[in-house]
Amino acid sequence: MSGHFPFSGKANRMAVFAFFEDHGFSLELQEKYYRWWHEWAKNFVLGDPDLSVTKAPEFSHYPFGQHAHANFHLHDYLWSTPMLDLGQFIENVIFPRLDEKTLHRVEQEHEKMLGEITQETTRFPRSAPPEIGRYRHT
């Protein structure tokens, strides 16, 4: 599965940041993308007998993860870090529980959702980057 999703493989928050930037996602669309994965993971966790006991409390708040609401240096890209936290949980905990057919279905659903969100970039355009760039230490 590595490489199919922005959080796959050895991704870091910059990889997710680049994914959002490459697709022209505004903050609204970044959250919409994140929310799709959040709901998908939450539904999986609640439907799994083991995970519903051990991990369901982590989905009792939104967004998921220890870096929820952390923007770090990624000004106007606050969804990159929570997406990475959630994505690493999905990749390391949920994906190993899925068979190949289910993984393929998730890939197809993701591609469909990604296409729909990408079409919305005209309604919710990403603001132009500032002159000194978004990724900077301040």
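Computed from a predicted structure; not experimentally measured.
Residues passing the side chain to side chain contact (heavy atoms under 4.5 Å, CB included) test with A41, sequence neighbours excluded: F59, L86, I90, I94. By the salt bridge (charged side-chain N to carboxylate O under 4.0 Å, His left out) test, E28 pairs with no residue at all, sequence neighbours left out. Taking the side-chain hydrogen bond (donor to acceptor under 3.5 Å, both in side chains) definition, one finds that K42 meets it with nothing, sequence neighbours left out. Applying the side chain to side chain contact (heavy atoms under 4.5 Å, CB included) rule to D99 yields the partners K101, T102; only residues at least two apart in sequence or on another chain are considered. Shown here are the side chain to side chain contact (heavy atoms under 4.5 Å, CB included) partners of S52, two or more places apart in sequence or in another chain: there are none. Evaluation of the side-chain hydrogen bond (donor to acceptor under 3.5 Å, both in side chains) rule for H23 yields no partner, not counting sequence neighbours. Take E120 and apply the salt bridge (charged side-chain N to carboxylate O under 4.0 Å, His left out) test, not counting sequence neighbours, and it matches K32. Applying the side-chain hydrogen bond (donor to acceptor under 3.5 Å, both in side chains) rule to Q108 yields the partners H104; only residues at least two apart in sequence or on another chain are considered. E116 pairs by the salt bridge (charged side-chain N to carboxylate O under 4.0 Å, His left out) definition with K112, not counting sequence neighbours. Scanning for side chain to side chain contact (heavy atoms under 4.5 Å, CB included) contacts around A18 gives an empty result, with sequence neighbours left out. Remark: Q88 pairs with no residue by the side-chain hydrogen bond (donor to acceptor under 3.5 Å, both in side chains) rule, at least two apart or across chains.
Taking CD of E31 as the start and CE of M83 as the end, the distance is 12.5 Å to the nearest 0.5 Å. The distance from the CG atom of L29 to the CZ atom of R123 is 8.5 Å, given to the nearest 0.5 Å. From L114, atom CG reaches atom CD of E109 across 13.5 Å, with rounding to the nearest 0.5 Å.
Just one residue in the list L51, V45, D48 forms a side chain to side chain contact (heavy atoms under 4.5 Å, CB included) with V93, and that residue is L51.
Using bins of under 30°, 30° to 60° and over 60° for the plane-to-plane angle, the ring pair F89/F64 lands in the tilted bin. Taking the six-membered ring where tryptophan is involved, the planes of F95 and W40 are perpendicular, since the angle between them exceeds 60° and thus also 30°. Classification of the F20-Y33 ring pair by plane angle, with boundaries at 30° and 60°, yields perpendicular. Taking the six-membered ring for Trp and thresholds of 30 and 60 degrees, F5 and H110 have ring planes more than 60 degrees apart, a perpendicular arrangement.
When all heavy atoms of F19 and P6 are compared, the closest pair comes out as CG-CB, 3.5 Å. When all heavy atoms are compared, the tightest approach of E58 to H61 is O-NE2, 3.7 Å. Residues L78 and Q30 come closest through the heavy atom pair N-OE1, 4.4 Å. Closest non-hydrogen pair, P63 versus Y34, comes out as CB-OH, 3.3 Å. Between P96 and N92, the shortest heavy-atom distance links the atoms CG-O, 3.5 Å.
When hydrophobic clusters are built by joining Ile, Leu, Val, Met, Phe, Trp and Tyr residues whose side-chain heavy atoms come closer than 4.5 Å, directly or via intermediates, Y62 is grouped together with F7. Hydrophobic clustering (side-chain heavy atoms under 4.5 Å, transitive across Ile, Leu, Val, Met, Phe, Trp, Tyr) groups L98 together with W36. Hydrophobic clustering (side-chain heavy atoms under 4.5 Å, transitive across Ile, Leu, Val, Met, Phe, Trp, Tyr) groups L103 together with M113.
Formation of a donor-acceptor pair under 3.5 Å by the E91 side chain with backbone atoms of G9 is found in this model.
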